[in-house]
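Just so you know, ligand 1 is whichever comes first in the structure, and atom 1 is the first atom listed for that ligand. What you see is a predicted model, and the numbers here were worked out from it, not measured in a lab.
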Amino acid sequence: MRSPASGWALLSVDKEPRLKLAVQKSGRLTDPSLDLLVRCGLKLSRGKDQLMGFGENMPLDVLFVRDDDIPDLVQEDVCDLGLVGLNVLEERRLEMAARGATARFETVRDLDFGRCRLALAVPEGATFDGLESLRGKRIATTFPFMLDQFLRRQAIAAEIVTLSGAVEIAPRLGRADLICDLVSSGSTLQANHLREVYTVLESHAVLIRTPVILSAIKSEWVGRLLMRIDGVEQVKESKYIMLHAPRAALPAIRKLLPGSESPTIIPLEGHPERVVVHAVCRENVFWETLESLKKVGASAVLVLPVEKMLA
Ligand code: ATP
Ligand code: ZN
């Protein structure tokens, strides 16, 4: 944990009732984190090249930092909230546990971005016959605590080579026999002639909060933000569908509409046997579904994206 004399601690002197949210300054989580905040209605007045972004329409400011600093900024209550990868949180949690300390950040939401996995990968020509083949091998990683926990759970004795970056070139340099690194598409592994063989952890971005009890005003805004985040996550795949149909076809249409709750049925002026159906579908609506709807008698089918939803 950082000492109270560190630079971060000085920033916490701010007594304003404004929330501080830590976001990665420059990296894979930056754009999707800012995109989530914009969708939640936040207008930030400064660019992301600055340390701080000022929320113009909410009492919420964004602090741009390295992702590795986010767990400590939040558990030391310098920031109230943080957006960070589960992989970074888990590594920090285990690192603290190894020193007999308990992590104090609280996960409040799992988010649908920053998806990747911490995986083992071997050089293309190397054989891999299950985890047993790791015994006695040297494994390069920037996540030594997670790798150590994994190896212990599997009861495998192997050497962990801790690096601060460029893990994927370690086998070629003769520093390790295989690697344990973050993978999403797999293209970096491919470019380095490595083959993914085992997933150690599935990761995604999470929202964490301080362990400290917040003032009423901050608490209210955290609640509002969480409700907006839930709304944003819900509408991602949601579609609003409108169509005309014979009344008799309603049971079949209901069955076809993906993930929709009770649709609104409106009589169609001048056509007693026909109705208008409006429904929110919580899953994407594919062409196949539209074709099936048409087959059971639907016409004038319109599919619209849903921008906001409040349950
Ligand atoms: P910083 O300078 O902030 O320390 P970094 O180099 O540690 O940056 P990035 O490579 O930008 O971090 O990754 C940030 C996070 O993005 C990772 O911790 C992980 O949660 C997520 N992520 C998603 N896909 C990948 C991937 N293919 N490789 C690495 N991280 C990924
Ligand atoms: Zn980092």
Side-chain angles (χ1 to χ4, degrees), residues 1-2 6-8 11 20-37 47-53 62-76 78-79 81-96 103 105 107-122 139-150 162-171 176 178-209 229 233 236:
M1 207 180 279
R2 287 168 193 280
S6 74
W8 297 127
L11 288 167
K20 272 200 219 79
L21 169 80
V23 165
Q24 189 186 24
K25 183 172 167 42
S26 161
R28 294 172 197 262
L29 298 180
T30 310
D31 286 346
S33 298
L34 291 176
D35 183 55
L36 174 68
L37 295 174
K48 62 185 178 192
D49 49 325
Q50 313 261 347
L51 181 64
M52 269 303 233
V62 175
L63 199 70
F64 293 103
V65 292
R66 285 201 56 197
D67 67 345
D68 315 72
D69 291 327
I70 295 177
D72 281 2
L73 285 169
V74 173
Q75 68 181 345
E76 290 173 20
V78 175
C79 289
L81 300 165
L83 285 167
V84 66
L86 178 65
N87 52 301
V88 170
L89 281 185
E90 278 303 292
E91 184 68 7
R92 186 72 185 117
R93 193 175 62 76
L94 293 173
E95 189 183 348
M96 291 176 72
F105 41 76
T107 297
V108 281
R109 284 298 182 273
D110 290 298
L111 302 164
D112 193 21
F113 65 87
R115 293 207 175 270
C116 58
R117 54 204 178 271
L118 184 66
L120 296 169
V122 299
I139 313 175
T141 190
T142 54
F143 296 96
F145 290 92
M146 267 195 281
L147 179 56
D148 181 59
Q149 175 182 265
F150 173 77
T162 305
L163 302 178
S164 56
V167 168
E168 62 282 356
I169 59 166
L178 69 150
I179 68 165
C180 176
D181 202 9
L182 294 174
V183 187
S184 44
S185 70
S187 56
T188 310
L189 290 185
Q190 220 176 356
N192 287 284
H193 307 287
L194 294 163
R195 180 166 60 96
E196 187 177 344
V197 291
Y198 202 89
T199 299
V200 173
L201 175 92
E202 293 276 359
S203 185
H204 51 267
V206 290
L207 178 71
I208 53 169
R209 61 156 284 166
I229 288 175
E233 294 277 306
K236 257 191 191 153

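When each atom of ligand 1 is checked for a heavy atom of Gly85 under 4.0 Å away, the hits are 20 (O). Annotation for ligand 1: atoms under 4.0 Å from non-hydrogen atoms of Gly27 are 11 (O). For ligand 1, the atoms sitting less than 4.0 Å from at least one non-hydrogen atom of Val88 are 18 (O), numbered in the order shown with element in parentheses. Here is the list of ligand 1 atoms found below 4.0 Å of a heavy atom in Gln24: 1 (P), 3 (O), 5 (P), 8 (O), 9 (P), 11 (O), 12 (O), 14 (C). Contact atoms of ligand 1 toward Leu29: 15 (C), 16 (O) (distance under 4.0 Å to a heavy atom of the residue). Set against the non-hydrogen atoms of Arg115, the atoms of ligand 1 under 4.0 Å away are 23 (C), 24 (N).
No hydrogens or angles considered: a donor-acceptor pair under 3.5 Å links the side chains of Asp110 and His204.
There is a protein heavy atom less than 4.0 angstrom from atom 9 (P) of ligand 1.
Taking the six-membered ring for Trp, Tyr198 and Phe150 have ring centres closer than 6.0 Å.
Looking from atom 14 (C) of ligand 1 to the surrounding protein, the closest heavy atom is Asp67 OD2, 3.4 Å. Protein heavy atom closest to atom 13 (O) of ligand 1, with residue, atom name and distance, is Arg28 CD, 3.7 Å. For atom 24 (N) of ligand 1, the closest non-hydrogen atom of the protein is Cys116 CB, 3.3 Å. Counting protein heavy atoms only, atom 2 (O) of ligand 1 is closest to Arg66 NE, 3.4 Å. Of the protein's non-hydrogen atoms, Ser184 OG, 2.7 Å is the one closest to atom 27 (N) of ligand 1. Residue, atom and distance of the protein heavy atom nearest to atom 19 (C) of ligand 1 are Asn87 OD1, 3.5 Å.
Side-chain contact between Ile139 and Ile179 is absent, with no heavy atoms from C-beta onward closer than 4.5 Å. With a 4.5 Å cut-off on side-chain heavy atoms, Leu89 and Val206 count as touching. Between Arg92 and Gln75, the closest side-chain pair of non-hydrogen atoms falls below 4.5 Å.
Taking the Zn ion (ligand 2) as the corner point, the angle from Asp67 atom OD1 to Asp68 atom OD1 is about 80° (rounded to 10 degrees).
Proximity of Lys25 to ligand 1 is not established, as no heavy-atom distance is less than 4.0 Å.
Between Arg28 and Asp31 there is no salt bridge, since no side-chain nitrogen of the basic residue lies less than 4.0 Å from a carboxylate oxygen of the acidic one. The pair Glu233-Arg109 does not count as a salt bridge, with every side-chain nitrogen at least 4.0 angstrom from each carboxylate oxygen.
To the nearest 0.5 Å, atom CG of residue Leu86 and atom CZ of residue Arg117 are 14.5 Å apart.
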- [ ] Quick one: do Thr188 and Val183 satisfy side-chain contact (heavy atoms from CB on, under 4.5 Å)? Show the steps, please.
- [x] CA-CA 8 Å; Thr188 310; Val183 187; over 6 Å; no
- [ ] With side-chain contact (heavy atoms from CB on, under 4.5 Å) as the test, would you mind laying out the steps for Val84 and Ile208 before giving the verdict?
- [x] CA-CA 8 Å; Val84 66; Ile208 53 169; 4.1 Å; yes
